[in-house]
Amino acid sequence: MGSKGKRGDGGVSSPRSRKGEFPIRAEDYELMEPIGDGATAVVRRARCLPLGGEVVAVKIMNLALRSEADVNNASEEVKTMILTDHPNLLSAYCSFTQDENLWIVMPYMAGGSCFHLMKSSFPKGFEEERFIAFVLRETLRGLEYLHGKGHIHRDVKAGNILLDQHKGVKLADFGISASVYDSMINRNGKRHTLVGTPCWMAPEVMEQKEYDFKADIWSFGITALELANGHAPFSSQPPAKVFLMTLQHAPPSLHNTKDKKFSTSFKRMIGACLIKDPSKRPTARMLLELPFFKKVKSEDNHVKCMLNKVPSLVARVQTIKENEAKLQAEKKPHDKIKEKTSHDEYWRGISQWHFDIEDLKAQAKLYSEENDSDGEEYLHFLFELDTVDETVPLKDVHRQKHIVGNEITEMPSSTTPVPIPQSGKQLENGGPNGLVRHESFERHSKVPTKQLSRAVSNATGIDEYLEKTTIQKGRFKVTMEETEVSTPREKELLERIACLERMLQVTQDEIVKLKEKDAKG
Amino acid sequence: MKGLFKSKPRTPADVVRQTRELLIYVDLHAGTSGADPKREEEKMAELSKNIRELKCILYGNGEHEPVTEACVQLTQEFFRENTLRLLIMCVPKVNLETRKDSTQVVANLQRQQVNSRILASEYLEANKDLLDTLISGYEDTEVALHYGAMLRECIRHQSIARYVLESDHMKKFFDYIQIPNFDIASDASATFKELLTRHKATVAEFLSKNYDWFFAEFNSRLLSSSNYITKRQAIKLLGDMLLDRSNSAVMMRYVGSKDNLMILMNLLRDSSKNIQIESFHVFKLFAANKNKPAEVVNILVTNRSKLLRFFAGFKTDKEDEQFEADKEQVIKEISAL
């Protein structure tokens with residue numbers, strides 16, 4: 001059992017026992033610099049004044065930006081965190097509201113997240129397998145506990161694994177965790193909601209089949225690859241493509257590189273997590289019994305050793321910001337898309353997805369009944385964007401089709417396909433979420449060529465594009481309704497594409513939100 | 001334990017019986033001066049184990065689905081005696097994990113049927129004082145979230161919801177909702193909402209009988225609260241209650257009062273968009289009322305030009321056809337006065 005495991009540094013009082021010590025008034029905290037920023041909240045370092053300036057982390061959520069359902073989710077998240085007591089899970093000391101904001105006071109994890117640490121100091125992944133094994137084992141203990149309590153975390157990734165040399169390793173962000181015991185679900189504890197971050201999502205989650213704890217095990221396997229390589233597989237791809245790759249290709253696996261050799265036990269562990277059939281994937285408890293984890297020595301303070309080698313979190317945040325500023329300064333004025341790309345890529349690790357597919361379906365239905373031209377208008381925007389990068393040589397187009405696999409390109413189309421110039425390079429460099437559409441959308445094209453050229457001249461900037469897409473929110477049309485379908489396989493693919501489209505829309509909305517928040521400072 | 005000394009597998013009823021014995025021990029001895037700390041610790045550990053086992057039988061263990069027959073046995077044995085009372089009373093005495101397990105066990109038992117009878121409901125009806133205990137849990141940060149979750153499951157039973165609605169506890173919810181700890185306040189708020197929306201006929205009866213004090217409190221404590229989230233949730237709940245067909249008599253009474261109208265008009269001008277929109281959904285009922293009392297007409301006429309100017313610029317962030325249609329209707333009504 002994780003909670004009984006020997007702790008490296010011992011004597012750490014659990015947050016639970018300190019509940020009640022922390023004041024529930026904003027004026028008792030002195031806010032300092034931001035240390036994390038998600039889609040819907042900011043996390044800042046803070047001092048708790050009545051407790052002698054003890055450093056804590058405060059997550060501040062603006063409730064005014066949240067719907068009623070989102071506020072309810074936030075309450076559930078807070079309750080789960082308040083009632084969590086495990087050395088490998090981030091809990092909350094207290095929570096209260098201040099004007100329109102919800103404050104959640106939590107332990108401060110001085111090392112920041114693994115994602116962050118890699119971003120600043122280990123872009124190719126952590127060098128020592130011992131360290132990776134330790135971090136993964138601790139994370140797994142947290143997961144084992146959560147699963148035992150009937151919770152699915154649903155967003156396991158390096159960005160949610162926090163480090164501190166005294167407090168160890170903690171899995172954070174219960175923002176979208178779900179309880180299999182709550183009344184929302186059917187009695188055998190399976191869920192359907194499409195939730196998580198695309199690269200880390202298990203195939204059964206993507207396909208919106210029933211899923212359970214095992215979805216977290218897949219994400220855990222992806223996280224292991226992330227720690228070893230510095231990024232998750234397909235992390236530079238747009239979400240729609242991540243979906244196709246995950247569903248259609250063999251599971252990703254760990255390979256030795258020029259600089260790094262990994263042990264067989266590590267490779268096997270990852271292989272076990274990334275079995276596509278969830279029923280064949282091991283549970284957290286079974287994984288903990290694997291040799292890869294058994295050989296981890298608890299006596300060494302791995303986190304401390306690691307953190308001693310790198311600059312402090314504050315300094316690292318500064319470095320990342322400076323690098324981004326430098327990059328930005330080097331940019332040519334018309335190169336705005338690229339800028340978005342790097343920005344989005346940065347955020348992809350920290351932000352999350354969350355949407356209710358039923359709701360979106362309902363919305364799509366609403367709009368398709370309402371006005372057909374709306375859908376058309378939306379497609380125009382897609383093409384405006386696709387054509388921004390029109391200088392790309394044609395051969396790249398072929399290459400890109402090759403990457404995606406042949407199902408899509410083989411698809412018969414009732415309308416004239418318009419070749420969309422798009423660079424393979426763009427895709428490799430992280431086709432920004434939803435900003436560059438990939439070719440599966442060709443078949444929607446009813447747009448005459450002259451409109452395309454108009455679109456090119458109109459695409460003055462990404463901001464304008466984003467503005468337009470916000471207005472278009474919810475106007476997704478399920479294109480399969482318009483297309484003649486002849487085979488079941490085709491129908492299946494079309495359905496999948498419709499689903500991917502909806503996901504893209506949500507990503508775009510999220511970008512808009514981030515962008516807005518950025519603009520506000 | 002191996003070989004010869006291997007114990008016989010326990011039946012679900014055995015687990016319940018053992019749990020009950022341990023609860024009795026803990027209830028009597030925990031925290032008392034004469035107790036032997038070592039023995040106490042052992043009993044606590046054993047109790048935790050048993051409660052966890054009850055949970056596994058009721059929910060399955062992640063790999064095995066729960067077995068109906070086992071659940072029935074467990075439920076029967078559980079309500080044959082006072083196990084529920086003991087379990088609730090011992091919540092403050094056990095550790096966090098056992099508290100969480102107990103909460104899940106209590107929640108699950110509310111839905112278990114034995115020969116199409118819900119034993120939990122029958123038990124609670126005969127032991128209503130347990131609800132008093134659960135509700136007053138909101139006053140104790142240590143147990144608030146556990147008792148709150150249990151309570152919300154108990155008021156799924158119509159007779160139990162009625163008991164709570166008709167008790168003096170309803171008045172206390174106006175305080176609980178504004179407890180500074182967000183986690184507890186939002187839990188109380190969820191329970192309050194459940195009480196006032198779940199069992200339609202019971203709610204309609206409660207609101208008619210208690211109209212005066214209830215809406216006086218609702219207006220002055222919640223709708224006029226300085227706390228953003230209290231105000232926002234209250235105005236949403238008010239809309240949900242008044243727009244429910246089963247509460248139409250109450251709605252007519254509410255929209256016939258100029259005091260209520262004034263509160264709603266002030267909320268329309270709230271600095272928060274969410275609150276403005278939710279207030280509009282209540283305000284429109286005043287305007288749409290075919291039999292407006294003179295005092296209501298007076299206020300609307302006096303403020304007509306201001307209201308019309310306000311609505312001209314009043315929009316939702318997302319396009320909302322229904323909202324626009326309602327707004328047109330309201331503008332028409334007000335212009336025609």
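First the proteins, then the strands, lettered A, B, ... as listed; each starts at 1.
Summarising the geometry, atom CG belonging to A:D85 is positioned 11.0 Å from atom CZ belonging to B:R99; distances are rounded to the nearest 0.5 Å. Residue A:S75 holds its OG atom at 7.5 Å from CD1 of B:I229, rounded to the nearest 0.5 Å.
At least one side-chain heavy atom of B:H146 sits under 4.5 Å from a side-chain heavy atom of A:L83. In this structure, the side chains of B:Y228 and A:D99 stay at 4.5 Å or more apart for every pair of heavy atoms.
Interface remark: B:R232 contributes side-chain atoms only to the contact with chain A (heavy atom separation under 4.5 Å). When heavy atoms are compared at a cutoff of 4.5 Å, B:K231 does not approach chain A at all. At a 4.5 Å heavy-atom cutoff, the contact between B:D187 and chain A is made by backbone and side-chain atoms alike. For B:S272, the parts lying near chain A are the backbone and the side chain together; criterion is any non-hydrogen pair under 4.5 Å. Looking at A:E68, both its backbone and its side chain come within 4.5 Å of chain B, counting heavy atoms on both sides. Proximity to chain A is limited to the side chain of B:N274, based on heavy atoms less than 4.5 angstrom apart. If you measure heavy-atom distances from A:S279 to chain B, you find no contacts under 4.5 Å at all. Neither the backbone nor the side chain of B:N108 comes within contact range of chain A; no heavy atoms are under 4.5 Å apart.
When the shell of 6.0 Å around CG of A:D277 is examined, it contains more than 12 heavy atoms from other residues, nucleotides or ligands. Crowding of B:K49 atom NZ: a count of heavy atoms from other residues, nucleotides or ligands under 6.0 Å not exceeding 12. The neighbour count for B:R269 CZ, taken as heavy atoms of other residues, nucleotides or ligands under 6.0 Å away, does not exceed 12. Heavy-atom contacts from other residues, nucleotides or ligands closer than 6.0 Å to CD of B:E324 number more than 12.
Across all non-hydrogen atoms, the minimal contact from B:Q233 to A:V71 is NE2-CG1, 4.0 Å.
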Using salt bridge (Lys or Arg N to Asp or Glu O under 4.0 Å), reason through B:E97 and A:K149 one step at a time and then give a plain yes or no. CA-CA 9 Å; B:E97 296 311 323; A:K149 292 290 152 196; 2.9 Å; yes
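Screening A:I82, A:L102, A:I24 for a side-chain contact (heavy atoms from CB on, under 4.5 Å) involving B:F182 leaves a single residue, A:L102.
Comparing B:A107, B:A190, B:P180 by heavy-atom pairs within less than 4.5 Å of chain A, the highest count is held by B:P180.
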